[in-house]
Amino acid sequence: MDHPSQPSVRHFDHCPWLFADEATEEQRAAQREVQRAVGGDTGIGERCYVAESAAVFPDRLRLGDDSYIAAHAYVTGELDTGSHCTLNPFTTVRGNVVLGQGVRIGAHTSLLGFNHSMAPDRPVFRQPLTSRGIRVGDDVWIGSHVIVVDGVTIGDHCVIGAGAVVTRDLPAWSVAAGNPARVLRDRREVRGTGTAEVNPAAAVSGIRPDDSRTPTNRPAPHPEPAAAAGDPEPAPHNRQGVQVAATAATPGRRPDDSRTPTTHPTPHPEPAAAAGDPEPAPHNRQGVQVAATAATPGRRPDDSRTPTTHPTPHPEPAAAAGDPEPAPHNRQAAAADVEVADLPGIRPGGGRTPATRPAPDPRAAALAVFADTARDQAAGLLDRCWDGDRYVDRPGAAPTVRAHCDAVEIADLLLGAVPEHLSAEEHIGRLSGLQDPKSGLVPEFGEPLPVADADGFIGEGAALYHVLCVGYALDLLGPGLPHPVRGVRDMTARHIVARLEALPWRTGAWGAGAWIDSLATAAHWNLRHDDGSDHGHGTPESLFGWLLTRADPWTGMWGSPSAEEGRLQVVNGYYRLTRGSFAQFGLPVPYPERVVDAVLDHARDARHFGPGRENACNVLDVAHPLWLCTQQLGRGADGYRSGEIHEWAERQLTTVLPRWQDGRGFGFGPGTAGPGPAPGLQGTEMWLAIVWYLADLLDRSGELGYRPRGIHRPEPARQGIAGLS
């Protein structure tokens, strides 16, 4: 079909994938106005399209980059999507719905994340609504005229045939169809073998998954059934011809016909794959949606790594089906990739050479160079912040307790030694002498000892953080805090619960999390001072019991977002809370998948992560929760939303490393938050830890040659409540 020379808005509404390449400046300006006019709490990513004819009335909308809502779609309630998600014409999404990356939803499909009660004591229209929500993983294809009901979770890489009614959870890699929908097979299975090795289409030599050519040798012994058509026409704009070629090969079936073959049935029944996407994601330049590479074990569609198990016996190019150009992250190397694309074990832009001739990874080399530079300059950086008697965060600032602790942390991390301005004994003596023997608190230099609240512990001030930083500095130096924190030791379970209930969860979740961090860390130090009395027994148990019963099952967090700050308080509070409690005690966090969803959503908030807006707190408070949750969910290619996590970590590393200032270290961040943009000890200590966490999320932390051992240590300081690790 020939497109008009200048498509109209009506044309883009029905074919939104054309908008990025073909819209005029006037049409782009009009689209920006359409997006701004969407009501509710709305955040729309880059290169998105929302059809003028769509009815989009959300309470909350987060539309990921390169996503679109096409003509006459109906969207209400709360919708969160990852990048490269598509709601095709006449799609309905209502209630609470979360989509991962690369989710394709065919025309006339309904995702209904709410329900009516139906007690017999009143009419249905007067029944209250309930909502458990719908969760859809990454790389999922939902065909046309599908219905997904409330409470369903659809795993990564699933394909759902046209007309299915999904009433139960579907595991990852499922191909499902029917009413009610049932799992017909695993997408990774090779026909007739039951083993998960390669995509059947990719196993044919001489044909690429995104190529309409017929095989030149080793033809498949059994014709594969065509994908179930659910689109009104056979995707005439499909330049690659994927959909047409796939369906035309089946006897008794037309490419634009959703009927299953009527003759020559295959000996093994195959599900009718979901059709209903007008084209195979031409804008999906990352290849997220594509099944061709996803079927190889050890590899996700949004991950550039090569398979780690079950390699194909014949070299197959790993290009993404339906991708009209090399992925944008690989544009600089596109010319070179022409020759290497046909080598086994290498994907264009994947950054890997064949296994027999490995080439150094420039990203790993950059980490090693950064770490060597930091080590070489560490002594001078500490000298800069020593005023002759005490440590300051940066020249000209007043001495602080935290600056001394940061100096100890940096020297341990980079030099494996104590700062040379004092001997180890002098460092220990100074920091130990700061702790009040009676209360166990450490006041700021020149400030009086804080007055305890009625329950025996304090509620705010520098002394709260000193429980952490002085405790871990002395832990690195050897002896630890000399005295227990008596206010925490003497608190009863009733006191703890009353204080937890009174924390400002709705208006100040960060402060609430910081208080719990201090309480839990004090409980950790106090267990080292166990004198056999009843004091302090039950403090951790009361804390963890309250936390586990109060975690929001939809976010895995504590507290409420706000229109002014989004999830900033909630996510930052989550980091502080879990650092001192679950991470420090080596206990699993509740609802880790939901935490990842919430944190990744927050990481897209341009108010806090726009260009030049990231500070150390905000980045650490995303990196650590993602790292902590991946320890439970799996860290390989098939880990929960690992592709999106890797993408975020890679982007942050690329931004962070150049911010190191020779001889001065890192600044905390732009603006007036914290110590500000000037390089100093606090910014340097935090960013060094952040770099490690980002690198470890990418499996490259070994290149740094350091690992945090103090306040930002990745290992638990204690395994469980009673035993030391």
Side-chain angles (χ1 to χ4, degrees), residues 364 366-386 391-394 400-424 427-428 431 465-466 468-480 521 575 579 583-584 616-617 619-621 623-624 627-628 649 652-653 656-657 659-669 674-675 679-698 700-717 725:
L367 284 172
V369 169
F370 161 77
D372 288 342
T373 300
R375 272 187 288 272
D376 291 343
Q377 299 179 10
L381 186 151
L382 295 173
D383 280 340
R384 174 177 178 267
C385 297
W386 171 254
Y391 290 96
V392 297
D393 182 68
R394 57 199 180 279
T400 62
V401 173
R402 178 169 184 163
H404 192 159
C405 298
D406 286 337
V408 171
E409 292 257 11
I410 292 168
D412 181 86
L413 191 72
L414 294 178
L415 303 175
V418 301
E420 60 183 10
H421 309 97
L422 301 170
S423 67
H427 282 292
I428 292 170
L431 291 173
Y465 194 77
H466 293 167
L468 281 64
C469 67
V470 175
Y472 272 103
L474 285 169
D475 196 50
L476 290 172
L477 293 167
T521 303
Y575 160 68
R579 190 222 70 85
Q584 189 166 226
C617 272
V619 178
L620 175 63
D621 297 356
H624 187 274
W627 185 92
L628 186 63
Q652 289 298 324
L653 263 185
V656 169
L657 295 183
R659 291 179 180 168
W660 176 270
Q661 298 187 33
D662 283 341
R664 304 169 72 197
F666 284 114
F668 176 82
L681 295 180
Q682 181 179 337
T684 300
E685 186 275 325
M686 293 184 70
W687 282 112
L688 286 171
I690 291 166
V691 168
W692 186 91
Y693 278 104
L694 294 173
D696 202 61
L697 284 169
L698 297 165
R700 296 203 294 269
S701 59
E703 303 297 330
L704 292 167
Y706 69 73
R707 186 181 185 90
R709 298 196 312 127
I711 200 168
H712 295 121
R713 59 182 293 162
E715 294 83 14
S725 60

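Along the sequence shown, residues carry numbers from 1.
- By the salt bridge (Lys or Arg N to Asp or Glu O under 4.0 Å) test, Arg709 pairs with Asp412, sequence neighbours left out.
- Taking the side chain as every heavy atom from C-beta outward, Trp692 and Pro714 approach each other to under 4.5 Å.
- Annotation: ring-ring contact (aromatic ring centres under 6.0 Å, His included) contacts of His712 (sequence neighbours excluded): none.
- Not a single donor-acceptor pair under 3.5 Å links the side chain of Trp687 to the backbone N or O of Val656.
- By the side-chain contact (heavy atoms from CB on, under 4.5 Å) test, Asp662 pairs with Thr373, Gln377, Trp660, sequence neighbours left out.
- Here Gln652 contributes atom CD and Leu657 contributes atom CG; the two are 11.0 Å apart, rounded to the nearest 0.5 Å.
- Tyr693 pairs by the ring-ring contact (aromatic ring centres under 6.0 Å, His included) definition with His624, Trp627, not counting sequence neighbours.
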(message) side chain to side chain contact (heavy atoms under 4.5 Å, CB included) for Tyr575 and Cys617? Distances and angles first, verdict last.
(response) CA-CA 10 Å; Tyr575 160 68; Cys617 272; over 6 Å; no
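- Taking Thr400 as the reference, nothing meets the side chain to side chain donor-acceptor pair (under 3.5 Å) condition, with sequence neighbours excluded.
- Heavy atoms only, all atoms of each residue included: Leu414 and Ala374 are closest at CD1-O, 3.6 Å.
- Once rounded to the nearest 0.5 Å, the distance linking SG of Cys405 with CG of Leu477 reads 9.0 Å.
- Residues Leu628 and Ala583 share a closest heavy-atom pair of CD1-CB, 4.0 Å.
- Side-chain atoms of Arg579 come within 3.5 Å of backbone N or O of Ile711 as a donor-acceptor pair.
- The structure places CG of Leu468 at 12.0 Å from CG of Asp475, a figure rounded to the nearest 0.5 Å.
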(request) Apply the test side chain to side chain contact (heavy atoms under 4.5 Å, CB included) to residues Leu381 and Arg664: give CA-CA distance (whole Å), side-chain angles for both, the deciding distance (0.1 Å), then the verdict. (result) CA-CA 5 Å; Leu381 186 151; Arg664 304 169 72 197; 5.9 Å; no
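- For Asp406, the side-chain contact (heavy atoms from CB on, under 4.5 Å) partners at least two apart in sequence or on another chain are Arg402, Leu681, Gln682, Glu685.
- Remark: Leu413 pairs with Leu688, Tyr706, Pro708 by the side-chain contact (heavy atoms from CB on, under 4.5 Å) rule, at least two apart or across chains.
- Legend: residues meeting side chain to side chain donor-acceptor pair (under 3.5 Å) with His427, ordered by chain and number and at least two apart, are His404.
- In this structure, Arg394 has no salt bridge (Lys or Arg N to Asp or Glu O under 4.0 Å) partners at least two apart in sequence or on a different chain.
- With sequence neighbours excluded, no residue forms a side chain to side chain donor-acceptor pair (under 3.5 Å) with Arg384.
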(message) Apply side chain to side chain contact (heavy atoms under 4.5 Å, CB included) to residues Val418 and Leu476 and explain how you reach the verdict.
(response) CA-CA 9 Å; Val418 301; Leu476 290 172; over 6 Å; no
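- Applying the side chain to side chain donor-acceptor pair (under 3.5 Å) test to Gln584 and every residue at least two apart in sequence or in another chain returns Tyr472, Thr521.
- Between the Thr684 side chain and the Phe666 main chain, a donor and an acceptor come within less than 3.5 Å of each other.
- Residues passing the side-chain contact (heavy atoms from CB on, under 4.5 Å) test with Glu420 are Asp383, sequence neighbours excluded.
- For the atom pair CD1 (Ile428) and CG (Leu422), the distance works out to 11.5 Å, reported to the nearest 0.5 Å.
- Minimum interatomic distance between Leu694 and Ala623 (heavy atoms only, all atoms of both residues): CD2-CB, 4.1 Å.
- Taking CD1 of Ile410 as the start and CG of Leu415 as the end, the distance is 9.5 Å to the nearest 0.5 Å.
- Closest heavy-atom contact between Met686 and Leu620: CE-CD2, 4.0 Å.
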